[in-house]
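Scroll down for the structure; my scribbles are underneath it.
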Amino acid sequence: MKSSKVITAALSGCLAVSLILAPAALAADSSQAAPGTDQAQAAASTNRINEIMQYLEQYNVEGIDQDTLIRGAIDGMVNTLNDPYSQYFDKDEAAAFSHAVDLEYVGIGIRMVYTAKELYIEEVVAGSPAEQAGLKRGDTILKINGVKIQDTKGDELSGTAGTKVSLLVSRKGMLKTFSVKRSEMASTSVTSKMLGQNIAYISIGGFTQNADEEFTAALDKMRAGGMKSLVLDLRDNTGGYMDSAYNIASQFMDKGIMMYTSDQSGALTPVTITDGSKIGVPVVVLTNEYTASASEALTGALHDNKLATVVGTRSFGKARIQSLIPVSDGAELKLTTQKYLTPSKEDFNHIGLTPDIEVQGKTAQLITALQIAGMNRITASGDNHILDVNGSPFAGNVGLIKQGNTIYASSRVLAALLESEVSWDAKNKKVLVTNGTGKVSGFALASKEALSQNNETFIDVKAFQQKFPSLVWNYNAAQNLLKLSVK
């Protein structure tokens, strides 16, 4: 039922909520309540608040706006909870919050990546104003409305629907200016594609009200295409409606415990699935530090029920649920009312869920997940902005760096392709790559076989090939495109 959605998320702009009605006891007129000590104390507290407000209004030398006083009192009460997830919304804020949870916004339809030196476009949404204007993934944004990116955070891309924003971008060394009209956008929460060897890839960007229906449609399409394994990408998914996550979990298991919840009493209550369906294929789940709340609940359910292998980095660590309680004048109170634990009763709040296989870096994580899912031939191509895997676009890059005639690639990507592990020898300033047999190969900064930039390491692909002859690589100078594969 859409009217009783439970939402979770990690970051301040999009936090966990459960849409419920205000408790009847609180909504009732106080004159109808039974007399007693508690009622008298409550009345005395209310009178004291009103008394202070009257004094402030009447005697404060600068004058006081009553609405400001009331909002300050409400925010003060909520802030005393010392809970970053509880928050009061007025009518407009409540509407904005609802739009944010459902991935609705005003913009041009691009996903950007900030690095220490630049801002570039990682993804252009299909059919968006950005695509219609001619922007492409990999474009480096130099100015927004004439302002250098060093002096802006990119917030200028949002604004009023119908207005325009000007972008100066660099594309393969050429400068181009684009005028793009902002539009109301509703991001698709679920995307999917079938890759080689009948490996399905499904990404859930957020648990919107329709995410469960979108996932079901995507899964049906993948099954019709002959799906033999599934990579479920929950990276950067900060949460959403918990019952969407529950319904999606029901697509993986016919029966079992999705999670445990507890309220003020501390008693654990199992949230069970009784009429689901078995997924029937191996599953790999991708997580990172922004995998949070509802996506952590789904990850924990699949992992603890032995339905999936988790690859990536430790998740965000938000195991608390908020209720969204309607109050007067269209306002809402988002209040933490429950905590939840995984089926194995792990309370991971502020800790996060540990993956089965820890892998750093977007591209390396994806490659590892695809290998576990059964893909035995992978070609990763791109530059330092974009990534294609077997000809299909993904978020990430191969970490291409060109210095003179030397071509470097991300050490993480190279190691992942060889199903090896990469580490850093700080004493000798070497990148170490350890293969499946335990053999360690080093690439030193001093010999320029390796580079270190922005806390990442890169290896000369020619030097890497000499120690790992199975690597196949090709660099297209005209397109500035590096292809990497293993024979």
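Throughout, residue positions are numbered sequentially from 1 according to the sequence presented. Every value quoted in this text rests on a predicted model; they were computed, and no experiment measured them.
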Could you walk me through whether L302 and L232 pass the side chain to side chain contact (heavy atoms under 4.5 Å, CB included) check?
CA-CA 11 Å; L302 300 185; L232 178 64; 4.0 Å; yes
Applying ring pair (Phe, Tyr, Trp, His ring centres under 6.0 Å) to F348 and not counting sequence neighbours gives Y340
F215: what forms a ring pair (Phe, Tyr, Trp, His ring centres under 6.0 Å) with it, not counting sequence neighbours?
F252
Could you tell me whether the side chain of [X] and the main chain of [Y] form a donor-acceptor pair under 3.5 Å?
{"X": "D65", "Y": "D67", "answer": "yes"}
{"X": "T272", "Y": "T274", "answer": "no"}
{"X": "S244", "Y": "T208", "answer": "yes"}
{"X": "Q251", "Y": "G276", "answer": "no"}
{"X": "N79", "Y": "D75", "answer": "yes"}
{"X": "D347", "Y": "N349", "answer": "yes"}
{"X": "N397", "Y": "G382", "answer": "no"}

How many angstroms lie between atom [atom1] of [X] and atom [atom2] of [Y], to the nearest 0.5 angstrom?
{"X": "T269", "Y": "Y260", "atom1": "OG1", "atom2": "OH", "answer": "10.0 Å"}
{"X": "L366", "Y": "I378", "atom1": "CG", "atom2": "CD1", "answer": "7.5 Å"}
{"X": "S295", "Y": "N237", "atom1": "OG", "atom2": "CG", "answer": "4.0 Å"}
{"X": "M375", "Y": "L370", "atom1": "CE", "atom2": "CG", "answer": "5.0 Å"}
{"X": "L333", "Y": "L324", "atom1": "CG", "atom2": "CG", "answer": "8.0 Å"}
{"X": "T299", "Y": "L286", "atom1": "OG1", "atom2": "CG", "answer": "9.5 Å"}

Who passes side chain to side chain donor-acceptor pair (under 3.5 Å) against T342, sequence neighbours left out?
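Result, side chain to side chain donor-acceptor pair (under 3.5 Å) vs T342: D304, S344.
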Over 12 foreign heavy atoms within 6.0 Å of CD, E184:
no
Counting neighbours of CG on D329 that are heavy atoms of other residues, nucleotides or ligands and sit closer than 6.0 Å, is the number greater than 12?
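Open.
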Which heavy atom of [X] sits nearest to which heavy atom of [Y], and what is that distance?
{"X": "R235", "Y": "D233", "result": "NH2-OD2, 2.8 Å"}
{"X": "M185", "Y": "P129", "result": "SD-CD, 3.8 Å"}
{"X": "E332", "Y": "A94", "result": "OE1-CB, 3.2 Å"}
{"X": "Y88", "Y": "D90", "result": "CE2-N, 4.0 Å"}
{"X": "Q322", "Y": "K318", "result": "OE1-NZ, 3.0 Å"}
{"X": "P270", "Y": "I257", "result": "CB-CD1, 4.2 Å"}

Applying side-chain contact (heavy atoms from CB on, under 4.5 Å), can you list everything that pairs with [X], at least two apart in sequence or on another chain?
{"X": "A218", "result": "V190, S192, I202"}
{"X": "N50", "result": "T46, M53"}
{"X": "K172", "result": "none"}
{"X": "T177", "result": "S166, L168"}

Taking only residues at least two apart or on different chains, which pairs with a member in residues 380-392 satisfy side chain to side chain donor-acceptor pair (under 3.5 Å)?
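Pairs touching residues 380-392 that pass the test: E118-H385, R137-D388, K193-S392.
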So side chain to side chain donor-acceptor pair (under 3.5 Å) across residues 100-113, not counting sequence neighbours, yields H99-E104, D102-Q209, R111-E123
Where do I108 and L135 land on the side chain to side chain contact (heavy atoms under 4.5 Å, CB included) test, with the steps shown first?
CA-CA 10 Å; I108 65 173; L135 288 166; 4.2 Å; yes
List the atom pairs, donor and acceptor, that lie under 3.5 Å between side-chain atoms in residues 351-358 and the rest of the protein, sequence neighbours left out.
| residue | atom | partner | partner atom | Å |
| --- | --- | --- | --- | --- |
| T354 | OG1 | R314 | NH1 | 2.9 |
| T354 | OG1 | R314 | NH2 | 3.2 |
| D356 | OD1 | H303 | NE2 | 2.9 |
| D356 | OD2 | V310 | N | 2.8 |
| E358 | OE2 | Q360 | NE2 | 3.4 |

Answer yes or no: is there a side-chain heavy-atom contact under 4.5 Å between [X] and [Y]?
{"X": "S86", "Y": "L335", "result": "yes"}
{"X": "V125", "Y": "I110", "result": "no"}
{"X": "I386", "Y": "K136", "result": "no"}

Please determine whether side chain to side chain contact (heavy atoms under 4.5 Å, CB included) holds for the pair I199 and S229, giving the CA-CA distance in whole Å, both sets of side-chain angles, and the decisive distance to 0.1 Å.
CA-CA 5 Å; I199 297 173; S229 61; 3.4 Å; yes
Evaluate the side chain to side chain contact (heavy atoms under 4.5 Å, CB included) criterion for residues M222 and L230: first the C-alpha distance (whole Å), next the side-chain angles of each, then the deciding distance (0.1 Å), finally the verdict.
CA-CA 9 Å; M222 296 297 101; L230 170 63; 5.7 Å; no
Think K334 forms a cation-pi with F89, using NZ or CZ under 6.0 Å from the six-ring centre and within 45 degrees of its axis?
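No cation-pi geometry.
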Any pair counted as salt bridge (Lys or Arg N to Asp or Glu O under 4.0 Å), so long as it reaches residues 253-268, sequence neighbours left out:
none
Partners meeting salt bridge (charged side-chain N to carboxylate O under 4.0 Å, His left out) with E122 (sequence neighbours left out):
K362
